[in-house]
Amino acid sequence: MRHELTLLLVATQFLTRLPLPALTHFNPDWLHQSSRHFPAVGLLVGALSALIYWPAQLVFGPLPAAVMATAFSIYITGAFHEDGLADTCDGLGGGLTKERALTIMKDSRLGTFGTLGLVLALLLKIALLASLNPALAMTALVLAHGGSRLACISLITLLPYGGDVEHAKAKPMAQQLTPFQWGLASLWLLPPLWWLGPQLSHVQLLLAGLLAVATTAYMHRLLKRRLGGYTGDGLGATQQLAEIAIYAGLAAWL
């Protein structure tokens, strides 16, 4: 249990900018092991964002609250996944070959495809959140942030690493996960589904889940075809698109 708590701390430090105690005697392999706790970190990000959303919508209304909650989630994650989405759009939009795409994705400059992808993703997130009633929007924030991190874990389980392992920003993450590790990661979604699920209809949950799975399957096919596997930027893009898919599923049924 102590080791799992350490891994949870590692996952939180990797995916967020939350002030946490420093680890002593850090083992690089812990980063790979900590991936099974990524959905838990997503649930934490979603819960904190929901805490921002609730008072904001009471004072300013749903649209400004959706902007503030989204901005807060970006702040505490350091735009980690948004950066991956932008780089993936630039790389796959401007690179005709795998080598060229990977070169573009490593470039710190933001191109046209990346700008458009990032702006459209943010607009979709905010618009969909603002279309939900406050209670449902808070539920959506928690489930979407947690579920979208599981989408990333799914790609790490199903695909090999598609980039250059030697130049990977986080080398321990350039390893496939086992189905057992994926199963452990998925367990993190059971408590929020048990607690928040009764607020949603079965059709809402089914539609949100199907759209998230379809989005993950699309990214699996795209990354496998274009890059031969996943990359860190590709995982960030998958998280962003899966988050939007869950919001869309919850909003569409209404």
Side-chain angles (χ1 to χ4, degrees), residues 14-17 38 42 45-46 49 66-67 69-130 141 144-145 147-156 158-165 167-170 173-174 211-249 251:
F14 180 64
L15 295 178
T16 75
R17 299 298 179 265
F38 283 6
V45 171
S49 300
V67 175
T70 301
F72 180 76
S73 70
I74 294 172
Y75 171 72
I76 62 175
T77 58
F80 192 49
H81 304 294
E82 287 78 7
D83 179 67
L85 173 65
D87 285 344
T88 300
C89 290
D90 274 337
L92 299 185
L96 297 180
T97 65
K98 172 183 175 179
E99 291 72 21
R100 180 57 180 160
L102 290 174
T103 299
I104 294 174
M105 290 163 74
K106 293 175 183 176
D107 193 331
S108 60
R109 292 172 295 181
L110 185 61
T112 302
F113 290 109
T115 301
L116 291 173
L118 191 56
V119 170
L120 291 173
L122 290 173
L123 287 175
L124 273 172
K125 278 198 260 187
I126 292 168
L128 290 169
L129 278 173
L141 282 166
H145 277 282
S148 60
R149 267 69 176 187
L150 184 62
C152 298
I153 299 302
S154 300
L155 292 192
I156 302 176
L158 295 171
L159 290 173
Y161 188 70
D164 184 355
V165 176
H167 294 89
K169 296 177 182 177
M173 292 303 300
L211 286 179
V213 170
T215 300
T216 306
Y218 169 76
M219 289 304 296
H220 173 275
R221 180 177 178 275
L222 178 66
L223 294 176
K224 183 178 181 180
R225 179 171 58 87
R226 294 295 307 277
L227 303 178
Y230 72 90
T231 63
D233 288 330
L235 295 179
T238 301
Q239 185 279 322
Q240 290 288 289
L241 295 178
E243 182 185 343
I244 292 171
I246 293 173
Y247 294 149

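Between Thr88 and Phe113 the shortest side-chain heavy-atom distance does not fall below 4.5 Å. Considering only heavy atoms from C-beta on, Asp90 stays 4.5 Å or farther from Asp107 through its side chain.
To the nearest 0.5 angstrom, Ile153 atom CD1 is 11.0 Å from Thr238 atom OG1. Between the CG atom of Leu155 and the CD atom of Gln239 there is a distance of 12.0 Å, given to the nearest 0.5 Å. Separation of atoms CG (Leu235) and CD1 (Ile156) is listed at 5.0 Å; rounding is to 0.5 Å. Leu223 contributes atom CG, which lies 10.0 Å from atom CG of Asp233 (distance to the nearest 0.5 angstrom).
The minimum heavy-atom distance between Gly117 and Cys89, with the atom names listed, is CA-SG, 4.0 Å. The shortest non-hydrogen separation linking Ala86 to Leu110 is CB-CD1, 3.6 Å. In plain terms, the two heavy atoms of Ala212 and Ile246 that are nearest each other are CB-CG1, 3.8 Å. Ala101 and Gly91 get closest at one heavy-atom pair: CB-O, 3.4 Å. Looking at every heavy atom in both residues, Tyr161 comes nearest to Thr231 through CE1-CA, 3.9 Å. Minimum heavy-atom separation, Thr216 to Ala151: OG1-CB, 3.3 Å.
The local environment of CZ in Arg221 is sparse, with at most 12 non-hydrogen atoms from other residues, nucleotides or ligands closer than 6.0 Å. Counting non-hydrogen atoms of other residues, nucleotides and ligands closer than 6.0 Å to NZ of Lys98 gives a total above 12. For Leu123, the CG atom sits in a packed shell: over 12 heavy atoms of surrounding residues, nucleotides or ligands are nearer than 6.0 Å.
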Test log, rule side-chain contact (heavy atoms from CB on, under 4.5 Å), inputs His81 and Arg149: CA-CA 10 Å; His81 304 294; Arg149 267 69 176 187; 3.3 Å; yes
Could you please spell out the steps behind the side-chain contact (heavy atoms from CB on, under 4.5 Å) verdict for Leu227 and Leu92? CA-CA 9 Å; Leu227 303 178; Leu92 299 185; 4.1 Å; yes
Intermediate values then yes/no, side-chain contact (heavy atoms from CB on, under 4.5 Å), Thr103 and Arg100: CA-CA 5 Å; Thr103 299; Arg100 180 57 180 160; 4.1 Å; yes
Verdict with supporting geometry, His145 and Leu141, side-chain contact (heavy atoms from CB on, under 4.5 Å): CA-CA 6 Å; His145 277 282; Leu141 282 166; 4.3 Å; yes
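Under the rule for a side chain to side chain donor-acceptor pair (under 3.5 Å), the partners of Ser154 that lie at least two apart in sequence or sit in another chain are Trp182. Every side chain to side chain contact (heavy atoms under 4.5 Å, CB included) that Ala79 has, sequence neighbours left out, goes to Ile74, Glu82.
Ring geometry for Phe38 against Phe14 counts as parallel: the plane angle stays under 30°, on a 0 to 90° scale with 60° as the upper cut.
Here the side chain of Lys125 pairs no donor or acceptor atom with the backbone of Tyr247 at under 3.5 angstrom.
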